[in-house]
Participant: 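One structure is given below, represented as structure tokens, and several questions about it will come after.
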Amino acid sequence: MASLRDIKTRINSTKKTSQITKAMEMVSASKLNRAETSAKSFVPYMEKIQEVVANIALGSTDVSHPMLEKRPVKKTGYVVITSDRGLAGAFNSNVLRAVYQTIQERHRSTDEYAVIAIGKVGRDFFKKRGMPVVEEIVGLGDDISFSDIKEIASNTVKLFEDGKVDEIYMFYNHYVSAIQQEVTEKKLLPLSDIAANKKMTSYEFEPSQEDILAVLLPQYAESLIYGALLDSKASEHAARMTAMKNATDNAKELINTLTLSYNRARQAAITQEITEIVGGASALE
Amino acid sequence: MKTVQVSVVTPDGPVYDADIELVSAKAQSGELGILPGHIPMVAPLAIGAVRLKKGNNTELVAVSGGFLEVRPDKVTILAQAAERAEDIDVARAEAAKKRAEERLQRKGQGQEDIDFKRAELALQRAINRINVAKKNF
């Protein structure tokens, strides 16, 4: 049996760990709150742009734009959103596993796909496996604004416009609730499933429909990426919060077991001492 | 006087929302003035100021990239970035202007054109912000 002091040390170190995980849990909870707020303030923009895009793209049949058209797929782009730091449970590994499996299923060689990595964990994962990472961004803080990711978003859209990739998918954790996040695969380009709106308006176009689509569609695609990123951020904090809560609970359980065995060992030591004294005394008689 | 509801929305949240008598914005094809009751219209915007007039009061909003959606009772400006005149950080804009100018001066020294295009746009945005902040319109 471990000595009294060994057990005492273990109890102390577990206690310290649980304090840290408890603090991290609370930090993540408040960050989750903020992430939810910024995701919420993005909603009006997204709704509006979706409405206008749907109106223009579906309102008239003679409209065409490269971003709306399917073309033979020679190369596929994957936007993968992960976090920069670990300690978030299965948050990153879920996404990465999904992407990895998809790529293995769909492609035979590294020429057929390209990865756009947002977040350090994902970037390192793909680089380590020798997969082509064409665009990357790391070091995004917890409070992201659109200008932070504007560059990578427009570069990604440009890959499609320049014909370097023929379709783009996004992989990220969708925030369902504080205890549930879902790995989601979403087709970003070409824009196919634009939700039809009931209240159609026929617009005047200034100067022309094509010119407007040329401005509107890239902006729409970029905001889809931003929306996914906000979603993923909220999921990250939620996942980290849950992971840290589990860690704290586990630590508490461990402390309980350890305290129990500490008391038992102490009692055993006392009993042993008494037996020794009694034994010694009876030997003298 | 008749008014129209105007909202300026960016990915980071709504920036402006009020009832206005006259909206004037710089579209890519030229200046646009919009009064209440305008027919539905969509127009892409250039980097510039949006003027919102109510009574004798004119407010300015700096807009970079985006478009304008008009309905008879509502005008929506969807921009990737927009600030009201009083929210603009002039020092930051000045710094951005300087940075962009420095980059443009290095033109023709073997760098790619894309960088200059970007620097030019950055310069435009910075100048626009400074002008709006100082109400130079």
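So you know, we letter chains A, B, ... as the sequences are listed, proteins then strands, and number each from 1. Computed from a predicted model, the values in this text were never measured in an experiment.
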Participant: Checking B/L78 against chain A: side chain, backbone, both or neither under 4.5 Å from a heavy atom?
Facilitator: both

Participant: Are there more than 12 heavy atoms of other residues, nucleotides or ligands under 6.0 Å from atom NZ of A/K127?
Facilitator: yes

Participant: Quick check on A/K40 against chain B: is it the side chain, the backbone, both or neither that has a heavy atom closer than 4.5 Å?
Facilitator: neither

Participant: Assess whether atom NZ of A/K150 is packed by more than 12 heavy atoms of other residues, nucleotides or ligands within 6.0 Å.
Facilitator: yes

Participant: Would you find more than 12 non-hydrogen atoms of other residues, nucleotides or ligands less than 6.0 Å from B/R92 atom CZ?
Facilitator: no

Participant: Test of understanding: with side chain to side chain contact (heavy atoms under 4.5 Å, CB included), list the residues that count as partners of A/V43, not counting sequence neighbours.
Facilitator: A/E47

Participant: Restricting to side chain to side chain contact (heavy atoms under 4.5 Å, CB included), what partner residues turn up for B/D73, sequence neighbours left out?
Facilitator: B/R71

Participant: Check step by step if side chain to side chain contact (heavy atoms under 4.5 Å, CB included) holds for A/K48 and B/V9.
Facilitator: CA-CA 9 Å; A/K48 198 73 207 173; B/V9 198; 5.6 Å; no

Participant: Side chains of A/Y226 and B/D12, heavy atoms from C-beta outward: is any pair under 4.5 Å?
Facilitator: yes

Participant: Is it the backbone or the side chain of A/S223 that comes under 4.5 Å from a heavy atom of chain B, or both, or neither?
Facilitator: neither

Participant: For residues 16-32 of chain B, give me every residue with a non-hydrogen atom less than 4.5 Å from any non-hydrogen atom of chain A.
Facilitator: B/Q28, B/S29

Participant: Would you say B/Q80 and A/Y45 make side-chain contact, with heavy atoms under 4.5 Å?
Facilitator: yes

Participant: Under the salt bridge (Lys or Arg N to Asp or Glu O under 4.0 Å) rule, collect the residues that match up with A/E151, sequence neighbours excluded.
Facilitator: B/R118

Participant: Do you know which of B/A79, B/P14, B/S7 has the most heavy-atom pairs with chain A at a distance under 4.5 angstrom?
Facilitator: B/A79

Participant: For A/I212 and B/P44, which heavy atoms make the closest approach, and how far apart are they?
Facilitator: CG1-CD, 3.5 Å

Participant: Would you say the side chain of A/L216 lies within less than 4.5 Å of the side chain of B/F67, judging by non-hydrogen atoms?
Facilitator: yes

Participant: Does atom NZ of B/K98 have more than 12 heavy-atom neighbours from other groups under 6.0 Å away?
Facilitator: no

